[in-house]
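Each chain gets a letter, A, B and so on, in the order its sequence line appears, and its residues count up from 1. Side-chain atoms are counted along with the backbone in the values below, which use heavy atoms only and exclude waters and symmetry mates.
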Amino acid sequence: MQFWLFKSEPACFSIDDLARRSKQTEQWDGVRNYQVRNMLRDDIKQGDQAFFYHSSCPEPGIVGRMEIVKEGYPDYTAWDIQSEHFDPNSSLEHPRWFMVDVKFLEKFPSPISLTEIKRHPVLSKMLIAKNGNRLSITPVTQTEWNTLLKLAVAKK
DNA sequence: GCCAACGTTGGC
DNA sequence: GCCAACGTTGGC
């Protein structure tokens, strides 16, 4: 099993939104970055787990945990001319963009803030802690995953 | 294929 | 709202 961190702006889609979805499951659509596309298409597998990160908000940080329930498949919003994610260069024969389905697992009683991550000896090496990082999905190591989970429990 | 200009992300 | 950092675009 591999671990990931998925960013989302809570004003757009928050962990509470995910928890309220039917079956607490939602497609992670709208990714329009090639590095992240490659991860969605090739690397992220069913059964992998991911942290849910809230960005561009008063307190950016990790707010919970989810599971990948469906592996990469074409992001059909790219074919929808009405969608804000429409891309005329993505065709049915050669889909350019991919998405996965995620399922809510838990919301942490208290979020792990970016500030906390940045000053933590282990976590400060995470991509999320580097400014200018543009990737909306990043891999998380086993060590980082365990450390973050322990932090989440400790804050209960 | 280079690279300057531009657009976007995202923390502060 | 500012701006640093990065990705993308497009002229050459």
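Going from atom CD1 of A/I128 over to atom P of B/dG10 covers 8 Å, rounded to whole Å. A/N89 places its CG atom 9 Å from the P atom of C/dT9, with the value rounded to the nearest Å. C/dA5 atom P lies 19 Å from atom CG of A/N33, rounded to whole Å. The interatomic distance linking A/N131 (CG) with C/dC3 (C1') rounds to 11 Å, in whole Å. Remark: P of B/dT9 and CG of A/L135 are 13 Å apart, rounded to the nearest angstrom. In this structure, CZ of A/R96 is placed 12 Å from C1' of C/dT8, rounded to the nearest angstrom. Computed from coordinates, the A/Q35 CD to B/dT9 P distance equals 15 Å when rounded to whole Å. As rounded to whole Å, 13 Å separates atom P of B/dT8 from atom CD of A/E9.
Closest to the side chain of A/Y34, from the set B/dG10, C/dT8, B/dG11, is C/dT8. Checking B/dG10, B/dC12, C/dG7 against the side-chain heavy atoms of A/L114 singles out B/dC12 as nearest.
A/F3 and A/W145 have parallel rings, their planes meeting at less than 30° on a 0 to 90° scale where 60° marks the start of perpendicular. Using cut-offs of 30° and 60° on the angle between ring planes, the pair A/F13 and A/W28 is perpendicular.
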Review point. Under the salt bridge (charged side-chain N to carboxylate O under 4.0 Å, His left out) criterion, do A/R65 and A/E106 qualify, and how do the steps go?
Key: CA-CA 5 Å; A/R65 192 162 60 93; A/E106 67 169 323; 2.8 Å; yes
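Listed here is the closest heavy atom pair of A/W97 and A/V31: CE3-O, 3.5 Å.
Considering only side-chain N and O atoms, A/Y53 lies nowhere under 4.0 angstrom from the phosphate OP1 or OP2 of B/dT9. Note on A/K130: every side-chain N or O is 4.0 Å or more away from OP1 and OP2 of B/dT9.
The residue A/S56 sits close to a base: some heavy atom pair falls under 4.0 Å. Residue contacts for A/K7: at a heavy-atom cut-off of 4.0 Å it reaches the sugar-phosphate backbone alone, with no base atom in range.
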